[in-house]
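The first residue in the sequence is number 1, and the count goes up from there. Hydrogens, waters and symmetry mates play no part in the numbers below; they use all other heavy atoms, side chains included.
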Amino acid sequence: QVRVVESGGGLVQPGGSLKLSCEVSGLDFKMKALAWHRQAPGKQREWVATIGGGQNTNYRNSVKGRFTLSRDNAKSTAYLQMDNLQLEDTAIYYCNVGVTNWGQGTQVTVSS
């Protein structure tokens, strides 16, 4: 059984930072691409960033230079470092592994 568990969300002021974690079990983590998506209130879920098994990364334009996605295959965990957070980053952040496996999400709220 595959489990995907996100953590690290919270409330932060504009310009602040948060680090999200995505811990995965039940599959060969190092072989799977992993992606973060987010869904803001009243909006559709959108892709944020992806990391491949070879550590290659891609980001949506609005987070480039502010978000950094990394993975520790030994811990079956990925990390999304989010710096210089803006109001528009407020959303529930979801981790997706191997296309079909999703976590329950973690809330990120950016507010002054």
So, taking the atom named CD in Gln55 and the one named OG in Ser70, what distance separates them when rounded to the nearest 0.5 Å? 7.5 Å
Rounded distance [0.5 Å steps], CG in Leu69 versus CD in Gln81: 11.0 Å
Starting at CD of Gln104, measure out to CZ of Arg3 and round the result to the nearest 0.5 Å. 8.5 Å
May I ask you to test the Val97-Val2 pair for a side-chain heavy-atom distance under 4.5 Å? no
Are Leu80 and Val63 connected into the same hydrophobic cluster when the rule is that any two of I, L, V, M, F, W, Y join if their side-chain heavy atoms are below 4.5 Å apart? yes
Test side-chain contact (heavy atoms from CB on, under 4.5 Å) on Thr57 and Tyr59 and set out the steps. CA-CA 7 Å; Thr57 53; Tyr59 302 91; 3.5 Å; yes
Using the rule that Ile, Leu, Val, Met, Phe, Trp and Tyr join whenever any side-chain heavy atoms are under 4.5 Å apart, tell me whether Val5 and Leu27 fall into a single cluster. no
Quick one: does any side-chain atom of Arg60 pair with a main-chain N or O of Glu46 as donor and acceptor, under 3.5 Å? no
Quick one: are Trp36 and Glu6 in side-chain contact, heavy atoms under 4.5 Å? yes
Nearest non-hydrogen partners of Ala35 and Thr50, listed with the distance: CB-OG1, 3.6 Å
Is the shortest heavy-atom distance from the side chain of Val24 to the side chain of Asn101 under 4.5 Å? no
Report yes or no: do Met82 and Leu87 belong to one cluster of Ile/Leu/Val/Met/Phe/Trp/Tyr joined by side chain heavy-atom distances under 4.5 Å? yes
Linking I/L/V/M/F/W/Y whenever any side-chain heavy atoms sit under 4.5 Å apart, do Ile92 and Trp102 land together? yes
Check whether any side-chain N or O of Asn73 sits under 3.5 Å from a backbone N or O of Ser76 as a donor-acceptor pair, and report yes or no. no
Could you pull out the closest heavy-atom pair between Thr77 and Ser21, with the gap in Å? CG2-CB, 4.4 Å
Applying a strict under-4.5 Å side-chain criterion to I, L, V, M, F, W and Y, I'd like to know whether Leu34 and Tyr79 cluster together. no
Could you go through Gln107 and Thr90, starting from their C-alpha distance and side-chain angles, then the distance that decides it, and tell me whether this counts as side-chain contact (heavy atoms from CB on, under 4.5 Å)? CA-CA 8 Å; Gln107 176 71 50; Thr90 294; 4.2 Å; yes
Between Asp89 and Arg66, is any pair of side-chain heavy atoms under 4.5 Å apart? yes
Using every non-hydrogen atom in the two residues, find where Arg71 and Ile51 come nearest and quote the distance to one decimal. NH1-O, 3.5 Å
Atom CZ of Arg38 and atom NZ of Lys43: how far apart are they, to the nearest 0.5 Å? 8.5 Å
Please lay out, stage by stage, how Ser111 and Leu11 fare under the test side-chain contact (heavy atoms from CB on, under 4.5 Å). CA-CA 7 Å; Ser111 175; Leu11 173 63; 4.0 Å; yes
Note, Val12 side chain near Ser17 side chain (heavy atom, < 4.5 Å): no
Output for pair (Cys22 SG, Tyr93 OH), nearest 0.5 Å, gives 14.5 Å
So for atom CD, which belongs to Glu88, do other residues, nucleotides or ligands contribute more than 12 heavy atoms lying within a distance under 6.0 Å? yes
For residues Val110 and Pro14, determine if any side-chain heavy atom of one lies less than 4.5 Å from a side-chain heavy atom of the other. yes
Apply side-chain contact (heavy atoms from CB on, under 4.5 Å) to residues Trp47 and Asn58 and explain how you reach the verdict. CA-CA 10 Å; Trp47 168 77; Asn58 286 288; 4.0 Å; yes
Using side-chain heavy atoms (C-beta onward) and a distance below 4.5 Å, is Tyr94 in contact with Gln39? yes
